[in-house]
Amino acid sequence: MAEFCSLRDAVAAHVHDGDTVTLEGFTHLIPFGAGHELIRQRLRDLTLIRMTPDLIFDQLIGMGCAAKVVFAWGGNPGVGSLHRLRDAVENHWPQPLEIEEHSHAGMANAFVAGASNLPFAVLRGYKANDLAKFNDRIRTVTCPFTGEELAAVPAIRPDVGIIHAQRADRQGNVLIHGIVGLQKEAVLGAERSIVTVEEIVDRLDPPANSCVLPHWVVDAVAVVPGGAHPSYALGYYERDNPFYIAWDAIAKDREVFTRWVERHVLGTTDFSEFRASIDGAGAGEAGP
Amino acid sequence: MAEFCSLRDAVAAHVHDGDTVTLEGFTHLIPFGAGHELIRQRLRDLTLIRMTPDLIFDQLIGMGCAAKVVFAWGGNPGVGSLHRLRDAVENHWPQPLEIEEHSHAGMANAFVAGASNLPFAVLRGYKANDLAKFNDRIRTVTCPFTGEELAAVPAIRPDVGIIHAQRADRQGNVLIHGIVGLQKEAVLGAERSIVTVEEIVDRLDPPANSCVLPHWVVDAVAVVPGGAHPSYALGYYERDNPFYIAWDAIAKDREVFTRWVERHVLGTTDFSEFRASIDGAGAGEAGP
Amino acid sequence: MSEADFTTNEMMTVAAARMLGDGTVCFVGIGLPSQAANLARLTHAPEVVLIYESGPIGAKPDILPLSIGDGILAQSADTVVPTHEIFRYWLQGGHIDVGFLGAAQIDRFANINTTVIGSYHRPKVRLPGAGGAPEIADQAGEVFVIMHQGRRSFVDKIDFLTTAGYLDGGDAREKLGIKGKGPTRVITDLCILAPEPGSKELVVTSIHPGVTREKIRAATGWDLRFANEVIETAQPTQTELSTLRAFLARTARAHGDDR
Amino acid sequence: MSEADFTTNEMMTVAAARMLGDGTVCFVGIGLPSQAANLARLTHAPEVVLIYESGPIGAKPDILPLSIGDGILAQSADTVVPTHEIFRYWLQGGHIDVGFLGAAQIDRFANINTTVIGSYHRPKVRLPGAGGAPEIADQAGEVFVIMHQGRRSFVDKIDFLTTAGYLDGGDAREKLGIKGKGPTRVITDLCILAPEPGSKELVVTSIHPGVTREKIRAATGWDLRFANEVIETAQPTQTELSTLRAFLARTARAHGDDR
C-alpha cells in the first residue's frame with residue numbers, strides 16, 4: 001500500500017546495506033533524485049541492477065555504494081565512457097566491483113520473468129559470443145517439445161525497485177507515459193518499491209491501456225520535482241544534454257568527482273537543494 | 001505489408017483448408033464477421049485456436065469447419081453451454097472434433113511465447129489437476145538455476161491470426177483500445193494476419209503507449225462495420241446480450257442451428273447482409 | 001417481496017459479499033462471484049480492488065457484466081492491461097489476495113470440476129472447462145467459492161479434477177508446494193462451509209436463516225459434517241438487500257433482459 | 001566548406017544511409033547508425049521504419065537524439081512499447097529487416113567487440129558492453145555496421161567476442177543455427193566492405209572518392225583484401241549533403257551543444 005513520504009524517509013525505511021536494488025528508466029525517467037539519496041544515506045554493499053547504468057551508477061559506484069553491478073551497457077550515452085565504472089573495474093577504485101554482464105535482451109527478459117514471479121527467463125540469445133564464458137548466470141534450457149536449446153537467465157527480483165514517474169494521484173496510483181522501459185517490471189518484481197514522482201494530481205485520468213501502477217503494489221511515493229534530471233520526464237522537462245557532456249570531465253578525475261559529489265550531493269539535504277547547488281552551470285562546478 | 005481488400009478476398013487469399021487459425025478477442029472485438037466468412041467459403045479441417053471459444057466457434061464447429069479446437073473455456077458467457085461444441089465432443093456431430101484443452105494462464109502464456117518466436121512458454125501452472133493427464137502438450141521444464149520444476153506449453157504460432165479492431169489509418173496501421181486481450185500476440189505470432197476494422201481514419205492518433213499494430217506486420221485489412229457483433233467494439237457499439245441469450249435456443253437444436261446458418265450466413269454474401277438479415281429480432285429467426 | 005424478505009440467492013450473495021474485506025485485491029470470476037464482489041464494493045468494501053481476467057484492474061461496474069470482458073469493466077477500471085499480463089504479472093506475480101470462483105461440481109476437499117461429467121473422451125456432459133480457475137486457486141492468497149448446493153454439484157467424487165482444493169485432504173496441498181491457502185470458504189444458498197483444520201474436509205460453519213441441517217445434508221452428495229460451533233448466518237440487512245436489488249435492477253434494464 | 005566539398009564523416013554517413021531501402025524496418029543503434037538511418041528517412045527512404053531499443057517504433061525525429069531514448073523519439077513514433085517488448089516481440093519475433101550497429105572493434109570476419117580491450121577481469125580499457133547488439137546481429141534479417149576505420153578499430157584479433165559476425169568465416173555462422181544473415185555491409189569513413197562469398201572475410205567493395213588503397217590498408221590491422229571489382233563510392237549529392245548538414249545544425253541548436 002502506497003505511503004506518501006519524503007524521499008529521505010522512503011530510502012531510510014526500505015533500503016538497507018547489502019540490498020539488491022534496481023533503479024530503472026531507459027534514458028527517460030532515470031531516478032537520479034533517489035540515487036542521490038542512496039549516496040547521502042551512505043548505503044554500502046549494494047548489488048545495483050540497471051540495464052544501462054548511466055551517470056547515476058557512475059555516481060553510486062564512485063562513492064563506494066556498490067559491491068556488484070548487473071548491467072548490459074555502461075556508457076555515457078552519446079558522450080563516451082562512465083569513468084567511475086571504468087575506474088572501479090580497471091583499477092578497483094574506490095573498491096573492487098563485481099560485475100554480472102548481460103545483453104539488453106537478456107536483462108529485459110529477466111525483468112519480465114521477475115515481474116512474472118518465475119525463477120528464470122527463456123530467450124533466443126547469447127549465441128556464439130563470449131558473454132556466457134564470463135557469466136555463469138547465462139545458461140541453457142531445452143524445449144520439451146522441439147528439443148531445441150535456448151538461453152536462460154535468472155529472473156530479476158530485487159529487494160528494492162526504485163523508479164521515477166510523471167505523476168501519482170492522491171491514492172498513490174502512478175502513471176508513466178512515453179518511454180516506459182522496464183519500470184513496471186522493476187516495481188512488480190521487487191520485494192519493496194519506491195516511486196518518486198514529479199507531482200501529485202487529483203485525478204490520474206490515464207489514457208486507455210497506458211502504464212499504470214496501482215497504489216497497492218507501491219510501498220512509498222515521494223514527490224521529487226525534477227527527480228529524473230539530468231534525464232528527462234516527458235511532458236515536464238527535456239533531457240539536460242549539456243549535463244551529460246559536462247559529466248565526462250567531472251567523472252574523469254577521482255578528486256574532481258569526489259569534490260563534486262561532496263559539494264552538490266553530500267553537501268545538500270535533498271534533491272531541490274542539489275538542483276539549486278548546480279543551477280546555472282550545467283553540472284555545476286566541482287568545488288574547491 | 002497491409003493490403004486493403006474485402007473480407008472475402010482476404011479470407012480467400014490467406015486461409016486454406018487444414019490451416020491453424022486463431023480468432024482472438026476476449027469478449028471484446030470478437031471477429032464474428034471474419035468467422036462467418038470462413039463458413040461462407042466452406043473451409044474445412046481447420047485447427048481453431050481461441051482461449052474462450054464463444055459463439056463464433058460454436059458456429060464454425062457446427063458447420064463442420066473444424067477438425068480440432070485448442071481452448072481453455074468453452075461456454076456462452078453468462079448464459080450456459082456452447083451446444084454445438086458440446087454436440088461435437090459428446091456425439092461427434094457433424095464430425096469428430098479433436099480437442100486440446102488448457103487453462104487461461106497456459107494459453108495466455110502460449111500466445112506470448114508465439115509472439116516472441118519461442119517454441120514454448122514457461123509458467124507456474126497446471127499444478128495438481130487432471131489437465132495434463134489428457135493433454136500431452138502440457139509438460140515440464142526444470143529451472144537451470146534453482147532446480148525448480150515448472151509447467152511448459154507449446155507456443156501458439158498459427159498459420160493465420162484473425163482479429164477485429166476499432167480502426168486503421170490509410171497506411172493500415174491498426175489501433176485497438178479497451179480490453180486488448182491477446183490480439184497483438186495473435187497477429188505477431190502468426191504467419192499471416194487478417195484484421196477487420198470498424199472504419200478507416202485519416203489519422204490514427206493513438207494515445208501514448210496504446211496497442212498499435214503497424215501496417216507492416218498486418219497482411220490484410222478489411223473494413224467490416226459491426227464486424228464484432230454480437231460481441232462489442234468499445235466506442236462503437238455495445239455487446240448484444242439478447243443475441244447471446246437467444247443463441248442458446250438456436251444452438252440447442254441441430255436443425256434449428258443449421259437453418260439459422262443457412263439463412264443468415266450462407267444465404268448472405270457478406271456481414272452487412274447478415275446484419276440486415278437478422279435485424280430487429282435479436283439473433284433473428286432460424287428460417288423455415 | 002418486501003425488503004424484510006429475501007431469497008436464498010440473495011442470502012448467498014450477501015453472505016459471500018461479506019467475506020471480502022475492504023481494500024482486498026480480488027480476482028473475480030463471472031456470474032455469482034462478480035455479483036457478490038460488486039455487492040461488497042457497493043456496501044462495506046468501497047476500496048476493494050476487482051480484477052477481471054480479461055484485463056481490467058480496479059473495475060467499478062455500475063451494472064453486473066454478463067461476460068468477463070464487458071465494456072463497463074474497461075470503462076470503469078483504474079487501468080486495463082493485456083490478458084496475458086493479468087495472468088503473468090498480477091496473478092502469478094503474487095499480487096492477488098482473494099480468488100472468487102464459481103464451480104459446477106465440488107467435493108468434500110473443495111476440489112472443483114468444471115470440465116466433464118462422465119469420462120473425458122466420452123463425456124455425458126461437456127462443461128466449459130478450466131478457464132482461469134486452476135491458476136487462480138493455485139496462486140491467489142486464498143479462494144472463496146460461491147455456488148448453489150445440491151446433490152449434482154456437491155458430489156462424493158468429481159469426475160475430473162479441474163481446480164485443486166485440498167486434494168486428498170490434510171497437507172496434500174502444501175506438500176505439492178502450492179502457495180495459495182486454497183478454498184477457505186464455500187458459500188452456498190444454504191450455508192457457509194470451511195475446511196476443517198487438520199483434515200481440510202469441508203464442514204458447515206454457518207447456516208443461513210430458515211435452513212435446516214437435514215436440508216443441507218440432503219443437498220450434499222457425501223456424508224457432510226458440521227463444525228463444533230455452527231452459527232446462524234446473519235440475515236441480509238436492509239442496506240445489503242436494497243443495494244443488491246438496485247444493482248440487479250439496473251443490470252436488467254441495461255441488458256434489455258426479458259428473461 | 002562549400003556544398004561541393006564534403007568530409008569523410010559526411011561521406012560515411014551518406015554511404016551508409018544509401019544502404020537502407022525505402023520501407024525497410026530498421027533497428028537503429030545510437031550515434032552514427034542513427035544519423036545514417038535518419039538521413040535515409042529524410043532523403044530517399046521516407047517510409048523507412050526506425051525502431052529504437054528503448055521502445056519507439058516508427059520514430060521520425062527532426063533532430064538527432066543524443067541518447068537511445070530521447071523524448072523526440074517517443075513523441076515522433078507511431079507507437080511506443082515497453083523495452084522488453086522491443087526485444088521479445090519485434091526483434092526476436094522476427095520483424096526486423098536490418099540491424100544498424102556501431103562498433104569499437106571489428107575483425108576480418110566482422111565479429112565485433114564492445115566489451116573490453118585486454119583481459120576481461122583485468123581490462124586495459126573497459127568498454128560499455130553488449131547492449132542490444134548480440135541479439136540484433138543474431139535476429140535481424142541482416143546487419144549494417146558503420147564505424148571509423150583505423151588500426152585500433154579494425155584489428156587482427158578482437159579481445160572479446162561481443163557480437164557474432166561470421167565467427168571463423170565460411171559457414172560457421174549458419175552451422176550454429178543463427179538465423180540472420182549477419183553483417184552484409186561495413187561502412188567506414190574510407191570505404192565500404194562486404195563479406196566475400198564463401199570465405200565471408202570482409203573485402204573492400206567500394207572506395208570513397210579521394211581515398212587510396214594504401215590508406216585503407218594502413219588503417220586496417222589485418223592483411224586486408226579487395227574485391228575483384230571495386231567501385232568508387234558515388235560522392236554525396238547536394239541534396240544528401242544539405243539534408244545531413246541541416247539535420248545536424250538543427251540538432252546542435254536543439255542540444256545547446258557548444259562542443
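Computation of the quantities below employed the complete heavy-atom set of this structure, encompassing side-chain atoms and omitting hydrogens, waters and symmetry-equivalent molecules. A quick note: this is a predicted structure, and the numbers were derived from the prediction, not measured. Letters go in sequence order (proteins before strands), and every chain restarts at 1.
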In terms of heavy-atom pairs under 4.5 Å, which option from [options] contacts chain B the most?
| options | answer |
| --- | --- |
| C/Ala130, C/Gly131, C/Ala74 | C/Gly131 |
| C/Ile68, C/Ile178, C/Ile30 | C/Ile68 |
| C/Ala164, C/Gly55, C/Gly177, C/Gly71 | C/Gly71 |

- Exercise: do B/His104 and C/Glu135 side chains pair donor with acceptor under 3.5 Å: no
Can you tell me if [X] has over 12 outside heavy atoms packed within less than 6.0 Å of its [atom1]?
| X | atom1 | result |
| --- | --- | --- |
| C/Arg152 | CZ | no |
| C/Lys181 | NZ | no |
| B/Glu238 | CD | no |

- Message: Quick check for you: among B/Gly235, B/Pro77, B/Ala72, which has the greatest number of heavy-atom pairs under 4.5 Å with chain C?
- Response: B/Ala72
- Query: What option among B/Met107, B/Arg239, B/His177 has the most heavy-atom pairs under 4.5 Å with chain C?
  - Reply: B/Arg239
Taking side chain as everything from C-beta outward and backbone as N, CA, C, O, which of these in [X] sits under 4.5 Å from a heavy atom of chain B? Side chain, backbone, both or neither.
| X | value |
| --- | --- |
| C/Asp138 | side chain |
| C/Lys179 | neither |
| C/Thr162 | backbone |
| C/Leu167 | side chain |
| C/Pro82 | both |
| C/Val125 | both |

- Task: Indicate the atoms forming the closest heavy-atom contact of B/Phe71 with C/Pro128, along with that distance.
- Result: CE1-O, 3.5 Å
- What are the two closest non-hydrogen atoms of C/Arg126 and B/Glu90, and how far apart are they? N-OE2, 2.6 Å
- Enter the distance from B/Asp54:CG to C/Ser67:OG here, rounded to the nearest 0.5 Å. 8.5 Å
- Nearest-0.5 Å distance, CD of residue C/Glu53 to CH2 of residue B/Trp73: 9.0 Å
- Item | Portion of B/Phe111 that has a non-hydrogen atom of chain C nearer than 4.5 angstrom | neither
- Query: Between B/Leu123 and chain C, which part of the residue has a heavy atom less than 4.5 Å away: side chain, backbone, both or neither?
  - Reply: both
- Toward chain B: residues of residues 101-109 of chain C with heavy atoms under 4.5 Å: none
Residue-level contacts of [range] with chain C, using a heavy-atom cutoff under 4.5 Å:
| range | value |
| --- | --- |
| residues 132-143 of chain B | B/Phe134 |
| residues 178-185 of chain B | B/Gly178, B/Ile179, B/Val180, B/Gly181, B/Leu182, B/Glu185 |
| residues 91-101 of chain B | B/His92, B/Ile99, B/Glu101 |

Close side-chain approach of [X] to [Y], heavy-atom, < 4.5 Å:
| X | Y | value |
| --- | --- | --- |
| B/Thr27 | C/Asp70 | yes |
| B/Lys127 | C/Leu176 | no |
| B/Asn129 | C/Phe160 | no |

- Task: Tell me, with the steps shown, if C/His84 and B/Asn109 meet side chain to side chain contact (heavy atoms under 4.5 Å, CB included).
- Result: CA-CA 6 Å; C/His84 60 81; B/Asn109 276 283; over 6 Å; no
- Query: Do the side chain of C/Gln75 and the main chain of B/Leu234 share a donor and acceptor less than 3.5 angstrom apart?
  - Reply: no
